[in-house]
There are 2 protein chains.
Amino acid sequence: MVTDSKESEEKILKAAFSVFLRKGKAGARMQEIADEAGVNKSLLHYYFRSKDKIYLAVLKHTVENFILTIVQDLELTSDLKEIIKKLISKQINTIKENSQIFQFFMGEVWMNPDEVKNVFRETLKILDKSALLVIMERIEDAVRRKEIRKVSPFQLIVNIFSLDIFFAILSPILFEMTDFTEAERAAIVENRAEEVFNFVWESIRLRKEE
Amino acid sequence: MVTDSKESEEKILKAAFSVFLRKGKAGARMQEIADEAGVNKSLLHYYFRSKDKIYLAVLKHTVENFILTIVQDLELTSDLKEIIKKLISKQINTIKENSQIFQFFMGEVWMNPDEVKNVFRETLKILDKSALLVIMERIEDAVRRKEIRKVSPFQLIVNIFSLDIFFAILSPILFEMTDFTEAERAAIVENRAEEVFNFVWESIRLRKEE
DNA sequence: GTCTATAATTCGATAGAC
DNA sequence: GTCTATCGAATTATAGAC
């Protein structure tokens with residue numbers, strides 16, 4: 001069956017994305033990708049030469065997704081409290097909608113650290129980092145204005161992202177350690193953004209009487 | 001070469017631990033385990049029947065390690081501030097010394113969620129959870145005594161663990177986004193426990209003037 | 001561009017000698 | 001308990017027809 005060339009290539013990429021995310025680099029099978037794409041296995045090599053090359057394309061996509069989630073493009077007109085609240089809720093929503101990507105990424109960081117680091121570096125060159133820099137500058141500014149206590153902007157961002165992503169990946173396992181009912185668990189997941197914001201804001205806001 | 005039976009089995013387990021942690025379930029090779037253990041490949045099947053069985057033994061070990069790191073056995077005589085400070089520094093030290101285990105665990109949660117969940121459940125039955133329960137009870141108590149603001153003990157523990165483990169796994173990657181020198185990076189890693197404690201304690205401590 | 005057929009290799013597992 | 005030899009299945013990759 002002859003179809004548009006772009007069409008097959010895109011179908012393969014989409015299927016590869018799905019399979020690699022579920023099975024990881026070592027567990028992914030070319031045949032499974034071909035089946036899911038609805039094309040012949042040979043076409044995978046025709047378009048991408050090797051499994052490694054397909055994996056690299058998928059990895060690049062997840063790294064972009066990862067970085068853009070940390071960065072997030074925000075309106076910076078409002079005050080810092082609102083900026084942080086939006087950053088957290090946007091991050092948590094993005095992670096919730098793409099949880100497989102982040103779980104895959106965490107796994108690959110450990111399995112292929114050098115490969116991930118290289119892709120990460122290259123992706124950073126291309127992507128627009130200004131959004132992150134602007135937020136970090138805004139945090140430094142808030143420290144100077146005594147709106148919040150003295151914190152390292154980098155560490156604050158890392159802390160926020162830790163609270164967002166770790167819970168998203170491990171909450172199913174961690175709940176095993178508790179007696180929460182299904183309804184309670186759902187409520188905790190639902191309110192995670194608010195919980196994180198409170199936790200963070202209570203930590204950094206400056207009180208008048210101190 | 002005939003050696004003590006226990007000796008070979010232990011060498012295999014140790015090698016399997018090393019290989020599975022580096023390569024994951026799908027990427028690990030029986031031959032590589034045999035080589036690293038210095039025994040014949042057939043012995044792996046003689047002692048463990050199949051690759052799956054060896055993997056399961058390794059997974060159990062990592063799950064125990066994971067749970068015991070969250071729990072940590074602490075002196076509970078001092079005040080809550082000291083308890084939390086010790087919990088954080090102990091967690092961070094444990095994670096630093098066994099970072100491969102936690103990275104492996106994060107990866108396996110995504111690749112084999114059901115298998116991990118099962119092992120997790122079984123391990124919880126065996127392990128002594130009292131240490132965690134005592135800490136959570138101590139947190140609730142502190143809330144009642146107005147030593148700290150109202151927090152969910154579960155979420156506080158999860159938040160602390162998130163801040164500890166996420167940074168340990170991803171800091172090499174995240175540093176790629178910054179201009180820190182090697183010395184600065186080392187200092188940040190070195191001071192992570194203090195940073196996390198400050199972040200947490202500032203968030204939950206109650207001020208007099210409020 | 002797409003398909004069939006198959007080469008080339010790798011891998012988990014087992015049989016059987018010692 | 002340990003080793004050699006090998007099976008059989010799975011998997012990546014390619015050659016070549018259409």
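In what follows, every chain begins at residue 1, and chains take the letters A, B, ... in the order their sequences are listed.
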query: Expressed in angstrom and rounded to an integer, what is the separation of B:Tyr55 atom OH from C:dG12 atom P?
result: 15 Å
message: If you compare every side-chain N and O of B:Tyr47 against the phosphate oxygens of D:dT2 (OP1, OP2), does one of them come in below 4.0 Å?
response: yes
- request: Indicate the ring-plane relationship of A:Phe154 and B:Phe175, choosing parallel, tilted or perpendicular according to the 30° and 60° boundaries.
  value: parallel
statement: Taken to the nearest whole Å, CD/B:Glu9 to C1'/D:dT2 is 14 Å
message: Could you check whether any side-chain heavy atom of B:Lys51 comes within less than 4.5 Å of a side-chain heavy atom of B:Ile33, counting everything from C-beta outward?
response: no
query: Are any of A:Asn40's side-chain N or O atoms less than 4.0 Å away from OP1 or OP2 of C:dG1?
result: no
Between side-chain atoms of residues 21-30 of chain A and protein atoms elsewhere (two or more places apart, or another chain), which donor-acceptor pairs fall under 3.5 Å?
{"residue": "A:Arg22", "atom": "NH1", "partner": "A:Glu32", "partner atom": "OE2", "Å": "3.3"}
{"residue": "A:Arg22", "atom": "NH2", "partner": "A:Ser18", "partner atom": "OG", "Å": "3.1"}
{"residue": "A:Arg22", "atom": "NH2", "partner": "A:Glu36", "partner atom": "OE1", "Å": "2.7"}
{"residue": "A:Lys23", "atom": "NZ", "partner": "A:Glu32", "partner atom": "OE1", "Å": "3.0"}
{"residue": "A:Lys23", "atom": "NZ", "partner": "A:Glu32", "partner atom": "OE2", "Å": "3.1"}
{"residue": "A:Lys25", "atom": "NZ", "partner": "A:Asp52", "partner atom": "OD1", "Å": "3.3"}
{"residue": "A:Lys25", "atom": "NZ", "partner": "A:Glu115", "partner atom": "OE1", "Å": "3.4"}
{"residue": "A:Arg29", "atom": "NH1", "partner": "A:Ala26", "partner atom": "O", "Å": "3.1"}

Donor-acceptor under 3.5 Å (B:Glu184 side chain, B:Thr181 main chain): yes
message: For A:Leu76, is there any backbone N or O sitting under 3.5 Å from a side-chain donor or acceptor partner on A:Lys86?
response: no
field: Rounded interatomic separation in angstrom, taking OH from B:Tyr46 and P from C:dG12
entry: 21 Å
query: Tell me: CD of B:Gln31 to P of C:dT9, nearest whole Å?
result: 17 Å
- prompt: Do B:Lys85 and B:Phe197 meet the cation-pi criteria used here (NZ or CZ under 6.0 Å from the six-membered ring centre, within 45° of the axis)?
  reply: yes
Just the atom pairs and distances: protein N or O near nucleotides 13-16 of chain C's N or O, under 3.5 Å.
{"residue": "C:dA13", "atom": "OP2", "partner": "B:His45", "partner atom": "NE2", "Å": "3.2"}
{"residue": "C:dA13", "atom": "OP2", "partner": "B:Lys51", "partner atom": "N", "Å": "2.9"}
{"residue": "C:dA13", "atom": "N6", "partner": "B:Lys41", "partner atom": "NZ", "Å": "2.9"}
{"residue": "C:dT14", "atom": "O4", "partner": "B:Ser42", "partner atom": "OG", "Å": "3.2"}

- request: Using a 4.0 Å heavy-atom cut-off across all strands, classify B:Ala28 as base, sugar-phosphate, or nothing.
  value: sugar-phosphate
task: Look at the side chain of B:Ser203 and the backbone N and O of A:Phe199, then say whether any donor-acceptor pair between them is shorter than 3.5 Å.
output: yes
field: Value in whole Å for how far the P atom of C:dA5 lies from CG of A:Leu43
entry: 16 Å
query: Please give, in whole Å, the distance from D:dT2 P to B:Phe48 CZ?
result: 12 Å
task: Please check the phosphate of D:dA10 (OP1 and OP2 only) for any side-chain N or O of A:Arg29 closer than 4.0 Å.
output: no
- request: Please report, rounded to the nearest Å, how far the C1' atom of C:dG12 is from the NZ atom of B:Lys23.
  value: 16 Å
- prompt: How would you label the contact of A:Ala26 with the nucleic acid (heavy atoms, under 4.0 Å): base, sugar-phosphate, or nothing?
  reply: nothing
task: Rounded off to whole Å, could you give me the CD-to-C1' distance for the A:Glu10 and C:dG1 pair?
output: 16 Å
